[in-house]
Amino acid sequence: MASSPLLTKISHPFSSIYPTKFTPFYLATEQSFKFPSTLFNFVKHLSSNDNPTIFHNFNFDSFYANLIDNSSHKINLTQVHAKLLLLGIQQNGFLVSKLVNAAVNFGEISYARKVFDKFPDPDVFLWNAIIRGYSKYNLFASAVEMYSRMQVLWVSPDGYTLPHVLKACGGIPSFRMGQQVHGQIFRLGFEKDVFVQNGVVAFYAKCGKIASAKVVFDRLEIRNVVSWTSMISGYAQNGQPIEALRVFDEMRSTGVMPDWIALVSVIRAHTDVEDLEHGKSIHSCVIKMGLELEPDLLIALTAMYAKCGQVMVARSFFNLVKVPNLILWNAMISGYAKNGYAEEAVKLFRDMIAHNIKTDSITARSAVLACAQVGSFDLARWMDNYISKSEHKDDVFVNSALIDMFAKCGNVDMARMVFNRTLDKDVVVWSSMIVGYGLHACNHSGLVEDGWQLFHCMKDYGIEPRHQHYACLVDLLGRSGYLDQAYDFIMNMPIEPGVSVWGALLSACKIHRHVTLGEYAAERLFSLESYNTGHYVQLSNLYASARMWDRVAKIRVLMRDKGLSKDLGYSLIEINGKLEAFRVGDKSHPRSKEIFEELESLERRLKQAGFVLDRNSSLHDLNEEEMEETLCNHSERLAIAFGLISTAQGTALRITKNLRACINCHSATKLISKLVNREIIVRDANRFHHFKDGVCSCGDYW
DNA sequence: ATAGGGTTAG
């Protein structure tokens, strides 16, 4: 320390009088302030008992202020604080406020509070510092609490206090508290303070009172980019993205330049309306302003492209962000999951865990959703295991997603287990369980009764049934052949029956070939969703099952006129943890030759076992050869053949198909399960089929 | 010393 050239060793002017006591001391020069390490050595020196120091002509405030400004760590601050206490100058409000602010900037909020609490009589600066600290780190309740304590002590808020308090009120959100603050703002005369007024605008917007926000905004004489952004994001947050975009245009026409936060808000609005076209123009605006590497804009862009289905583009932005960020990863994972890239979503989720990035419940929900889409039971079990050990295990959203996942991955018992262990069962948890039973129920009377029972005891738990629950009951009744009861049930529903209810009735009518009731249900469906292909296909299938070919043809024409066509079918099978996809007659697989050999051998064995084609089901316009060709090439057959040649004897095969299983494949699969002595589980677009020993769990109703 | 933003699921 003595060797440092930045501190001048000074002999005390009275050293001749008090030679032992006051020599030497060190003077910090202007230049030494620029070198923090030197400064902190100096502080140590000052604190040491061996070197009592004289403070003649010593400017404490600027000296310690510089120390605080040059601090790089909490430990520096504690040194300064200790010194202030030692010197008995902890009442220096200026320095203590500076200390608290510095602590806040380091994220050391509880330390900031400790320093604050040692101060006997905080002035408005010190109150601002601590309230700012709580508000900055989203500890809104504490911020508001400190604000009330400040009021009790009759300290009047200033133009810096109020924006922080307003942020806290909007963050909770506490409309009442914020309104009181607004009243105070009025009484104290801050109506011209643009910082305070922007805070008021944002507060109302956060509370969903967008009209109040607009009133305040409209009264502003000066509007800066923050005022505009508060309104833009206010509309975006309150489900009015179109209005948000309009306000953005208005802002630009008044000549206010957007900054990066404004652009983030506008991108969010485009994300909400999934307007990629205009979103791209904002993207080019970002580039023009040279902001394309701003991490938060990259996050917003990732979210926009991901949600709009451009997952590859989104991923390229994702890759550019170097700092791990929860929101970024969530956006990418949910983008994948939403757009049918379930495996990528799961993979990214695993990467996230591998990278030790903290997940939140939104991450967990998206990941579970993705697992449900993949349909692999092993993966589902892995996911459940992960969740049950994580902090998300009691989240209702996560749990109902898990129930749904297990049901969709073929294990209704596991779904029930999750249901049982969910402590806080809300209406959707119940729905997921009932829907889960519905997926597997079919003709299985035990499960049908379980479903009924659940429906009835919902009310005991004070939960009002919603349309999904009615749909399930219609499904259960209709499937069991009680079509009239199902119809009566619908007519007596206390709520307007929707797509799910009519859809359930229509498919029940198809099973039992009840044409008139089915036509009625279809009519309702067409009026509710006139462009949903599924409804037309269902009705067409109903006609086909009743052999009313002329009407089948009519539907086909109707669909062609509306520009609707069927989805291309595919089947997935998981082998050794790897998913393989097959389309009709797919020869692209590397083991295609073996697959088709297996297929032929199966076909032979089926014929030997007396298998005959059902020629009635909507195939009337194909000739014999075409019919055979089409049927035994169906994607699930390829998946089964591949499964048989690549797994050990006796292994169950789990297959996922995007369309509904056709009647011929269904009966063929039943027989195959018996011939090869394998359990084959097929999840089609509607439900599960557990094929075993020549029968299917659906009892041939699906 | 201040204010405005992004992920949203069953």
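For A:Asp426, there are no salt bridge (charged side-chain N to carboxylate O under 4.0 Å, His left out) partners at least two apart in sequence or on another chain.
As judged by a 4.0 angstrom heavy-atom cut-off over every strand, A:Val104 is placed among residues making no nucleic acid contact. Among the atoms of the strands shown, base atoms are found under 4.0 Å from some heavy atom of A:Ile299.
For the segment residues 123-130 of chain A, the set of residues with a heavy atom within less than 4.0 Å of an atom of DNA chain B comprises A:Phe125, A:Asn128, in numerical order.
Under the stacking criterion of a centre-to-centre distance below 5.5 angstrom and an interplanar angle below 30°, A:Trp260 is not stacked against the six-membered ring of B:dG5.
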Side-chain polar contacts of residues 361-368 of chain A - donor-acceptor pairs under 3.5 angstrom, sequence neighbours left out - could you list them?
unit_1, atom_1, unit_2, atom_2, d
A:Ser361, OG, A:Arg365, NH2, 2.9
A:Ser361, OG, A:Asp395, OD2, 3.4
A:Thr363, OG1, A:Asn330, OD1, 2.7
A:Thr363, OG1, A:Asp360, N, 3.0
A:Thr363, OG1, A:Asp360, O, 3.2
A:Thr363, OG1, A:Asp360, OD1, 2.8
A:Arg365, NE, A:Ser361, O, 3.4
A:Arg365, NH2, A:Asp395, OD1, 3.3
A:Arg365, NH2, A:Asp395, OD2, 2.9
A:Ser366, OG, A:Ile362, O, 3.1

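No donor-acceptor contact under 3.5 angstrom links the side chains of A:Ser212 and A:His182, judged on distance only. Between the side chains of A:Asn385 and A:Arg381, no donor-acceptor pair of N or O atoms lies under 3.5 Å.
Using a 4.0 Å cut-off, some side-chain N or O of A:Arg268 falls inside it from OP1 or OP2 of B:dT7. For B:dG4, the OP1/OP2 oxygens have no side-chain nitrogen or oxygen of A:Gln237 closer than 4.0 Å. Distances shorter than 4.0 Å separate some side-chain N or O of A:Lys338 from OP1 or OP2 on B:dA9.
For A:His283 and A:Phe317, the distance between ring centers is under 6.0 angstrom.
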